[in-house]
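Just follow the structure's listing: the first ligand is 1, and inside any ligand the first atom is 1.
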Amino acid sequence: MTSVLPVAPGHAEDGPGRILELITTGAARTRTAIAQETGLSRSTVVQRLDALFAAQLIRESEENVASRGRPSRALELNPRAGVVISVDIGEERTRVAVLDLNVTIIGDRVERLALGDGPDVLLDRITATVRDLIDHLGLQESAVAGFGLGLPAPVDYEAGRVMGWSIMSGWEGYDIRRHLRRSWPVPILIDNDVNLLTLAEHRRFWASQRHLFYLKAGTGVGSGMVIDYAVNRGAQGAAGDIGHAHIAGFGDPQCRCGNVGCLESLAGGWALARDLRDQDLDSHDARDVADRVRRGDSEAVAGLRNAGRIMGESVAFATSLLNPDVIVIGGMLGTTGDHLLAGIRQVVYQRSLPLATRQLRIVPTKFKSRAGIAGAGYLVRDHVLNPSALDSLLAAGKSPFAMT
Ligand SMILES: [Zn+2]
């Protein structure tokens, strides 16, 4: 443990944690800029920075930034002060990754794990894979600052448990955090996969925007929202779970959840595959639908455009309710060209008031892959580098990382 200079008690808004946040977000990266941004005296800024240097949380960058006309050496987060474990459990495969604090992947593995094997078996296999990966990368387990896990299910974020109906049968109510804590004595954060996609998109590409709405159009349909720069999960963590909200006027097909007429029973990937089979076309799942669309298959393209208009009904409602700056469309069906987006745009602009859409952007995700991994990484990083928590740790002479 590195010795840390004593830090005068202060408010989160001017403590070392806040200064680290300014550096990490790029809002202020030189001593002069930090003094200007915080209104702190230069000597106080230097003292705060000394605490961050001592904890190895920051370093001088190679980059020079113009400051009052003079070039000045910029400061940056030390990305290797600790590492983050990020795990993205999917329906068919699970990706395990080790990230640095810039949320850059240092190494990753993909495993075919069956959700039906249940939490005990799966979490043990994930832990074994993480250990192997850490060892392979030549790292120590003590470098792990936190563990983030994304699940394709509704998650009670505070409790870290799956709740209600999901494709993860056998996981409901299971204490995932307690299981993982046996191996990982670090902050363990568990969230729904769509919330993590939403967070990743916001932090990496739209960090300056206040309000972002994310729609995942894959096998199922889900959404997430960033409100005032933070993911909004609602009271129990179910906010944004629009795939099982009823849509009127398009028929009432049976849904996977037991209800009828849910959005995903009309426009989800599994529903589009079903509709193609009804036309005697070979189509098993969302992947088959996406493949057909990419090949220009006219029935699949027509189905996807129609799905866009149906999803547009939900997105238009969300637009009226939230007035987002940007709407991002992701998921397997959202990244097959413009067909889905065209349908969504058409309905949103038709149904919403001009004030809500005047500056609205509706765009496809910018991630090519591994967005869920990035999302879990940002979730953990935001948590361990939270300004108030960090100030308390530093004031107690500790660091968020157990590195020597
Ligand atoms: Zn449903």
Count up the protein N, O or S atoms sitting under 2.8 Å from the Zn ion (ligand 1), would you? 4

Classify the ring geometry between Trp184 and Phe147 as parallel (under 30°), tilted (30 to 60°) or perpendicular (over 60°). tilted

Could you tell me whether Arg31 and Glu60 have a side-chain N and a carboxylate O separated by less than 4.0 Å? yes

Let me see the working for Leu77 and Asn102 under side-chain contact (heavy atoms from CB on, under 4.5 Å), right down to the final yes or no. CA-CA 8 Å; Leu77 173 71; Asn102 282 336; 3.8 Å; yes

Could you give me the CA-CA distance, side-chain angles and deciding distance for Asn192 and Tyr157, then say whether side-chain hydrogen bond (donor to acceptor under 3.5 Å, both in side chains) is met? CA-CA 8 Å; Asn192 163 259; Tyr157 179 69; over 6 Å; no

Does the distance from a Lys or Arg side-chain N to an Asp or Glu carboxylate O, for Glu201 and Lys366, drop under 4.0 Å? no

Under the side-chain hydrogen bond (donor to acceptor under 3.5 Å, both in side chains) test against Arg109, which residue among Thr129, Asp132, Thr94 passes? Asp132

